[in-house]
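First comes the structure, then the notes that go with it.
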Amino acid sequence: MNLLDLVIALPALGFVLALLMPRTQENAIKMLALGVSLATFVLSLGLVNGFQSGQTGQQFVTDNIWIASPEIHWHVGIDGLSLWLVILSTFLTPIAILLSWKAIHDRAKEFFAFVLLLEFGLVGVFAAWDLFLFYVFWEVVLVPMYFLIGIWGHDRRIYAAVKFFLYTMAGSVLMLAGIIFIYLRVGTFDYVQILAAISSGHAMLTHTEETLLFLAFFLAFAIKVPLFPLHTWLPDAHVEAPTAGSVMLASVMLKMGTYGLVRFCLPMFPTAARENASWIVALAIIGIVYGGLVALVQPNMKKLVAYSSVSHLGFVVLGIFSFTQIGLDGAVYQMLNHGISTGALFLLVGFLYERRHSLAIADFGGVATVAPWLSIMFLVTTLASIGLPTLNNFVGEFMVLQGSAQANFSWTVFASLGVIISACYMLWMYQRVFFGETNEEVKHHVPDLSLREWACVIPLVVMMVWMGMYSQSFLPVVSEANAKILDQSKMNVPLRVAAPRMTEHAPPDLSRPPVTAAAAGGRADAR
Amino acid sequence: MAEAMQSINLQAGVPISWYLVLSAVLFSLGVAGFLFRKSIITVFMCIELMLNAVNLSFVAFANQHKQVSGHIFTFFVMVVAAAEAAVGLAIILTVFKNRETLNIDEINSLKN
Amino acid sequence: MQNLWLIPALPFLGFLINGILGKKLPKMVINAVAVGSVVLSFLLVLNIWSSGGDLAANPIHQHYFTWIQSGEINIGWDYAVDKLTLIMLMVVTGIGSLIHVYATGYMAHEEGYYRFFAYLNLFMFFMLNLVLGGNYLLLFVGWEGVGLCSYLLIGFYFVKKSASTAGNKAFIVNRIGDFGFSLAMFLIVVNFGTLDFTKVFAAAPGKSTETLTAIALLLLLGATGKSAQIPLYVWLPDAMEGPTPVSALIHAATMVTAGVYMCTRSAVIFTHAPIAMDTVAIVGLATAVFAATIGLTQYDIKKVFAYSTVSQLGYMFLGVGVGAFSAGVWHLVTHAFFKALLFLGAGSVIHACHHEQDMRHMGGLRKYTPVTMAVLACASLAIAGVPGTSGFFSKDAILTAAYGHAPWMFWVGVVTAGMTAFYVWRAFWMTFWGEYRGHGHPHESPWSMLAPLVVLAFLSIAGGFLFNVPKILEGMFPAAEEVPGESMLMGISIAAGLAGIAISYYMYVVNPKLPQRISDGLGGIYRLVYDKYRIDELYDATVVNPVITGSRSLLWKVMDQGVIDGAVNGVGSEAQLAGGWLKMLQSGNIRSYATWVVLGAVCLLILIGVAEGVTR
Amino acid sequence: MPASFAPSAADLLRYAPETVLTVAGTLLMVLDPLFAKKSPKLFGHLSIAAFLVAIVAAFQANGAQGLAFSNLLIVDGFATYFRVLVLIIGIVTVLLSYRYLDREQAETGEYHALLLFSVSGQCLMVASNDLMMVFIGLEISSIATYILAGYLRDDKRNNEAALKYFLLGSFATAFMLYGVALIYGATGTTKLDEIRAALLTRGADAWFPMVGIAAALMFVGLAFKVSAAPFQVWAPDVYQGAPAPVSVFMATAPKAAAFAIFLRIFTTAFNQIAGGWEPLVWISALLSMTIGNFAALTQTNLKRMLAYSSIAHAGYVLVALASHSDDGTAGAMFYLAAYALMNLGAFAVVIHISGKGEKHVRIEDLAGLARRQPVTAALLTVFLLSLIGVPLTGGFFGKFYIFRAALQSNLVWLAVLGLLNSAVAAYYYLRLLVVMYMHEPGDVVENLEPLTPGLRAALILPAIGIFYLGVAPGAVLSFAKLSSSFVR
């Protein structure tokens with residue numbers, strides 16, 4: 001059991017403990033949840049500390065057999081790509097717990113338990129190196145989020161929760177089919193071995209197979225991202241979710257989709273990924289512009305931020321499918337950035353909601369007069385979100401766009417429109433909420449930030465500046481991981497066409513013999 | 001066994017196919033009766049008819065194969081049918097007690 | 001060796017102190033922090049200036065840390081100083097210091113005093129970053145940052161809707177420009193693999209003209225946003241919603257000239273892209289004329305100067321476009337002096353008239369505010385290009401170069417110069433001559449405000465001698481071609497300026513009824529110009545409203561909620577319908593169930609027959 | 001042919017579970033008049049004891065694997081697996097029934113005796129090596145179940161359910177019997193291994209189309225028992241009308257047994273004509289999943305919804321059958337276990353809330369359960385998530401193994417359609433979660449009594465089972481995998 005196992009296990013332990021506590025002990029449950037999540041965060045910092053830069057492949061590996069047949073492993077590990085996403089999850093969970101401190105009264109026990117379960121699932125998703133294990137965590141995440149939205153959400157919460165669940169489910173069942181198919185072909189769920197088999201040509205996929213598998217995985221991830229036009233669950237889910245739910249959803253859960261694209265779609269199906277890149281990029285760009293334009297006219301703050309997420313995540317997808325080092329680095333960095341800045345936006349919108357009990361932009365106005373610090377924090381977050389240099393999003397967007405420019409300059413032209421639009425919708429909202437005359441309701445019900453709220457906001461703002469100013473703290477390990485992924489996504493493009501030439505390139509000592517349909521098929525003889 | 005099939009004739013010289021056809025006709029009659037009769041008792045009797053049609057097949061085949069097992073099957077089936085009849089009639093009785101009808105079309109409160 | 005990072009860091013420190021603690025600090029401390037930090041920066045700049053060294057041969061270049069690094073692309077946080085930067089630094093910190101001092105007086109009674117100075121210091125930080133940046137991306141940092149501060153300061157009176165709207169407009173219009181700028185950067189990286197000025201400029205001459213033209217035109221788009229050129233000038237007049245020192249510092253002297261600086265900085269790229277150069281010149285010239293005509297008709301004193309700024313910036317672009325980079329920068333410097341002075345003077349006037357900005361409610365102020373009048377007279381002389389004043393030198397240099405490039409440009413420039421002299425002096429006469437037409441008693445401003453004015457007045461007059469920019473920058477840019485008959489051209493432009501002054505004197509002092517008659521006579525045309533050619537309305541009608549209503553009704557309601565979500569929910573309700581239909585099979589009738597069983601059996605029999613038949 | 005008709009000791013051991021159950025059932029009927037009034041719960045306790053003894057016996061029998069009684073019976077891993085499964089289902093059914101019988105003030109002795117007989121029939125069925133044995137086991141199981149379905153004699157719904165089940169069940173069995181007769185006619189034997197051998201040596205073509213017709217007719221009978229489409233029509237009505245514990249028993253034990261024998265007959269006896277019956281299974285699987293899931297979408301009655309869901313689940317198991325491989329068999333076995341557990345658990349909650357006379361069986365009656373009885377709600381949540389197929393529950397692994405088998409056999413489209421179907425199914429299961437967690441408590445929940453010990457056990461045991469299968473499926477799966485080799 002190494003540190004990573006501990007980071008995954010601790011939230012699960014917290015979940016169980018929280019469930020075992022009597023529901024009357026509300027405060028104790030909250031303290032427990034906060035304590036566990038903070039401890040997890042501190043432990044996860046150990047991962048950063050112990051992470052060896054310059055070493056390709058995953059670290060902090062644990063690889064034990066979970067289920068003997070079919071062989072499913074508890075194979076977890078992190079590389080530069082997952083490291084920061086794990087940290088992002090552990091970083092935001094305490095914040096999500098802290099910000100719900102006062103907002104959640106009803107069934108607090110379940111709430112905090114679910115948040116911990118969510119953290120467990122999220123960390124697991126990013127750490128899993130076994131396709132099956134990955135799928136398990138992927139689905140585990142769904143359950144707590146469903147309840148968070150459905151129980152503690154707003155008026156149309158049920159519709160939103162069910163929609164969220166079904167949308168995701170519809171995508172992920174196809175991914176399951178894809179995972180099984182790959183297993184049957186390669187004979188293992190272990191991702192390292194799968195990649196080795198694919199890149200060495202030992203697991204031959206026909207062109208059609210590869211394309212279909214790619215699409216199966218892609219669909220699951222694209223729904224989660226969400227990529228236009230699969231995004232309509234997102235605004236509903238966000239608007240109806242409680243603040244903590246929105247924060248976790250936007251900050252971390254959406255990254256599951258983009259992470260999956262980078263981690264699985266690119267290296268496993270290099271040819272299909274490249275062949276299909278053009279329409280995917282087109283959808284991403286449509287998403288960037290479309291999400292921005294729709295955000296522009298939203299009368300509801302959360303919905304606005306939700307659509308802005310559609311736009312921002314479009315950048316990430318664009319970066320991924322630019323197949324350039326800087327584009328991919330930028331995409332990963334943008335995942336983190338979006339996690340921080342949009343998380344902060346949802347958090348602050350949540351603070352406003354707690355005060356005024358409304359999310360309608362029209363119900364606000366002049367907040368800057370009565371709550372200057374809240375306004376300033378919101379402004380900083382807004383600026384981060386629209387990509388002001390020195391704040392985090394800029395770095396990511398710049399790199400993504402640079403990457404896309406290297407791939408195809410016309411993509412960049414259209415995608416950059418998103419940068420203009422983002423300024424429009426964010427600033428327009430900011431103006432209507434914070435500037436102008438203070439109305440009576442706002443005057444009496446909107447105090448400035450409390451100490452607890454400061455504690456939630458400050459870490460996020462610090463991260464915005466840090467990530468905006470000194471990306472070198474984060475990027476080098478990401479670059480290393482991405483370089484490897486890019487390498488894998490190139491590897492067997494030529495190999496695929498002509499099988500005989502393969503042997504020249506493939507390393508001679510492959511531990512696993514080629515798996516043929518006959519061997520995997522079991523009982524052809526019996527028929 | 002195919003040669004056996006061709007060479008075997010029952011004592012009376014009736015080919016096996018006749019029995020089989022009769023069996024099939026009886027079975028079909030049973031099915032038709034189930035589908036088209038309205039009294040529950042009649043419908044139940046139709047099931048008995050179907051079972052007995054099968055019995056006929058068993059006996060015919062047993063004879064053809066010169067085996068005793070087919071005959072034994074018939075007895076098994078008859079026993080089972082008897083048990084079924086006992087239970088079935090009891091069920092029909094309670095239905096009649098509760099609804100005072102034996103029209104099969106009126107027993108349709110559970111649907112959709 | 002200088003620590004360049006200290007120059008922007010000091011104002012940033014000021015921003016942090018005032019921004020975080022300002023609410024609890026006494027005004028004295030706020031002043032000391034705000035003004036002190038900028039003055040210290042100015043002293044540091046002076047130190048570089050005086051310690052000199054041969055910047056032309058050995059520009060200072062300092063690398064602090066790697067900012068963005070991915071693959072081959074490495075962008076550092078680098079500061080660099082050459083002579084061009086040094087001039088910009090002098091202007092920014094020098095004028096910045098003066099304006100900070102002025103603002104302590106002007107803003108003395110405002111709420112959010114500390115906030116104002118925090119923003120102002122933040123602006124200084126970003127502006128210094130802009131000019132110090134050793135690569136395009138760092139320039140862009142400053143570029144966006146000053147845009148932010150501009151946004152904040154325009155919307156300083158955020159309770160007023162017009163102020164916050166103007167702030168938004170400034171930011172968003174600038175974003176459109178930045179769109180071009182960033183695309184240009186992407187192209188540069190794609191083609192050069194770096195954003196460092198030195199490397200890019202060293203490699204630029206070897207690149208194809210098409211590439212360089214594309215880059216240059218995109219950079220120009222960026223510059224038109226920041227420097228308020230056609231077609232993106234619309235934000236600047238609205239930006240006058242901000243407090244007057246802001247107008248002086250940001251929207252006259254420093255930030256808006258960033259576009260000129262950027263084009264000048266990229267001179268190597270531009271000079272290798274002739275089409276782009278012509279475009280720059282034409283955009284500049286068109287803007288100069290266009291804005292000047294609007295300036296003729298405005299009554300809001302700050303609006304007049306705002307359009308004047310747009311127009312003067314057009315001059316600078318004209319200079320850049322015709323290849324007279326150093327002339328453009330020269331005008332940048334002198335314009336900083338006199339336009340800052342004009343705005344600050346206007347501020348003093350506004351202050352005197354209890355925040356009245358409409359010139360029709362001023363008049364006769366020479367009795368009440370003699371110092372203000374005197375300094376404004378200096379500025380007006382300078383902008384009119386009266387010989388000997390700073391404006392004369394720089395404007396003349398540009399016009400001469402324009403003649404060398406294309407004579408028609410010179411003539412248009414001259415007409416514009418005449419109009420400029422006219423409207424500035426029109427404002428002067430309307431403000432200081434005649435009878436006081438406002439309410440209350442006007443009063444002279446405190447010395448904290450007047451002292452900077454006096455300094456600026458001196459610079460407006462003598463700046464041309466003190467800072468001979470072409471001489472300083474000698475060798476940095478390809479020399480402009482020699483123009484024959486230079487003295488004659490000079491005469492013509494001087495005459496135009498003087499004529500403007502004279503006509504305005506006639507119309508607004510000698511015969512004050514005349515302007516009304518002329519405007520009545522011109523009718524529709526006058527109204528059109530007075531309404532600023534209704535460009536804002538045009539943009540609203542062609543861009544803003546279609547985008548908003550299109551997004552709302554088409555994209556959101558029809559596409560998102562109708563088509564996409566409709567499809568999603570449609571699948572749901574279709575499934576429910578199918579379920580409803582399926583459950584109708586379940587009639588509850590035993591005989592019908594038996595029929596299903598029989599039918600199923602028959603189907604199976606057929607199927608198995610077929611399947612077996614096939615596999616046989 | 002063995003020379004002696006006297007059963008050997010090994011034969012008796014191999015037949016021990018059935019013996020135990022039959023003796024116990026008879027004993028209960030004898031004891032009924034003595035204790036019916038005094039201690040109605042006694043019969044439940046006794047039958048649990050009998051089931052436990054039978055489980056031990058089943059394992060003992062497994063130790064002596066082999067044929068018994070002139071090859072009429074076969075005790076192998078496969079048989080043992082299903083014997084134990086139906087016995088466990090029996091135990092949980094008894095646990096469920098305490099509360100129900102008490103509430104309805106029904107006679108308990110007879111009820112439990114019938115339950116024991118029914119289970120003994122199923123045990124016999126899964127261990128049959130002879131079509132006649134199959135028929136007899138099926139009938140023992142069915143006749144007892146016919147009575148159970150109408151157990152509350154004065155309840156109209158019970159009557160109707162019993163009548164429908166009885167008439168249609170007998171009807172379908174007649175088809176199956178006809179199939180047995182035909183196969184007997186063709187091959188001269190009813191022993192599965194001999195049929196297989198006959199088909200192998202002579203080739204199925206020799207008897208075309210007789211064997212095919214026989215297979216199709218047997219398919220009808222078995223598909224009817226497992227409520228697979230298009231023979232599923234009876235299931236919703238009967239499950240809805242029967243007493244709730246009987247419904248869940250019917251939906252699990254006879255179904256598991258029928259599937260077991262389905263697998264045994266088709267993969268052993270009819271292996272030779274797989275090309276003929278595989279498409280039937282394929283189509284039946286798809287129809288079952290689709291009809292079950294879509295029809296369940298609009299149901300308002302809990303029992304009826306679960307009935308439709310059980311049709312859909314039958315479809316999933318048929319997918320495993322259609323893949324016709326060892327992995328498919330193992331997957332089906334695993335799935336049936338998981339399915340039985342989650343269905344039992346879900347029905348336990350239905351019994352808990354339904355009240356006397358089963359008045360409260362609408363989905364809305366669950367409203368707010370999570371507020372008043374969070375533990376009950378949480379347990380139902382576990383069962384529902386398992387029914388949806390969320391990881392870490394048995395239902396997920398079941399689906400996983402099944403669809404893996406399907407893909408392995410190149411049934412790509414069936415697998416994809418099945419998986420999409422399971423996404424559709426999520427909708428109606430989620431609806432229960434919605435009602436429980438997100439609606440305010442209604443009258444039913446407000447007036448709900450706490451869980452009785454029996455129901456609590458009937459909830460917790462399956463939940464533990466579900467998690468066991470979901471987190472550590474290895475043991476059960478490897479047993480299933482091992483057993484699957486017996487039926488090929």
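For the numbers below, each heavy atom of this structure counts, side chains included, while hydrogens, waters and symmetry mates do not. Chain letters run A, B, ... following the sequence lines, proteins first and then strands; every chain starts at 1.
Top candidate by heavy-atom pairs under 4.5 Å with chain B, chosen from F171(D), F175(D), Y308(D), is F171(D). Residue with the most contacts toward chain D among I72(B), V87(B), I107(B): I107(B) (heavy-atom pairs, distance under 4.5 Å). Across I136(D), L182(D), D237(D), the residue that shares the most heavy-atom pairs under 4.5 angstrom with chain B is D237(D). No other option in Q67(B), M50(B), E84(B) has as many heavy-atom pairs under 4.5 Å with chain D as E84(B). Taking chain D as the reference chain and counting heavy-atom pairs below 4.5 Å, the highest number among L51(B), V77(B), V43(B) is found for V77(B). For chain D, the option among N108(B), I92(B), I40(B) with the highest count of heavy-atom pairs below 4.5 Å is N108(B).
Residues of residues 30-38 of chain B that come within less than 4.5 angstrom of chain D, heavy atom to heavy atom, are V31(B), F34(B) in numerical order. Taking 4.5 Å as the heavy-atom cut-off, the residues of residues 93-101 of chain B that approach chain D are T94(B), V95(B), K97(B), N98(B), R99(B), ordered by number.
Atom CE of M29(D) sits in a sparse spot, with 12 or fewer heavy atoms from other residues, nucleotides or ligands closer than 6.0 Å.
Remark: the S142(D) side chain and the K225(D) side chain contain an N/O donor-acceptor pair separated by less than 3.5 Å. N63(B) and Y19(B) are not linked by any side-chain donor-acceptor pair at a separation below 3.5 angstrom, with hydrogens and angles left out of the test. A donor-acceptor contact under 3.5 angstrom links the side chains of Q122(D) and S141(D), judged on distance only.
Both the backbone and the side chain of A24(B) come within contact range of chain D, judged by heavy atoms closer than 4.5 Å. Of the two parts of A62(B), the backbone and the side chain both hold a non-hydrogen atom closer than 4.5 Å to a non-hydrogen atom of chain D. Proximity to chain D is limited to the side chain of I47(B), based on heavy atoms less than 4.5 angstrom apart. Only the side chain of F27(B) has a heavy atom closer than 4.5 Å to any heavy atom of chain D. In this structure, the portion of T190(D) lying under 4.5 Å from any heavy atom of chain B is its side chain and not its backbone. For a residue to count as touching a neighbouring chain, one of its non-hydrogen atoms must lie under 4.5 Å from one of that chain's; by this rule F135(D) touches chain B with the side chain only. Of the atoms belonging to I104(B), it is side-chain heavy atoms, and not backbone ones, that fall under 4.5 Å from chain D. V180(D) touches chain B through backbone and side chain together, each having a heavy atom under 4.5 Å away.
Between K156(D) and E160(D), none of the side-chain N atoms (NZ, or NE/NH1/NH2) sits under 4.0 Å from a carboxylate O, so this pair counts as no salt bridge.
The backbone N or O of V59(B) sits nowhere less than 3.5 Å from a side-chain atom of H71(B) that would complete a donor-acceptor pair. Side-chain N or O atoms of E358(D) include one that pairs as donor or acceptor with a backbone N or O of A244(D) at under 3.5 Å. Within the 3.5 Å criterion, the main-chain N or O of A295(D) finds a donor-acceptor partner in the side chain of Q299(D). In terms of modelled atom types and a separation under 3.5 Å, the side chain of D130(D) and the main chain of N71(D) share no donor-acceptor contact.
The structure places CZ of F231(D) at 7.0 Å from CZ of F219(D), a figure rounded to the nearest 0.5 Å. Remark: S310(D) OG to M305(D) CE distance equals 10.5 Å, nearest 0.5 Å. Separation of atoms CG (L222(D)) and CG (L217(D)) is listed at 11.0 Å; rounding is to 0.5 Å.
In terms of heavy-atom proximity, N293(D) sits nearest to A312(D) at OD1-CB, 3.3 Å.
Looking at residues two or more places apart in sequence or on another chain, you find a salt bridge (Lys or Arg N to Asp or Glu O under 4.0 Å) between D155(D) and R157(D). Every salt bridge (Lys or Arg N to Asp or Glu O under 4.0 Å) that E107(D) has, sequence neighbours left out, goes to R153(D).
Considering only heavy atoms from C-beta on, F61(B) comes within 4.5 Å of I16(B) through its side chain.
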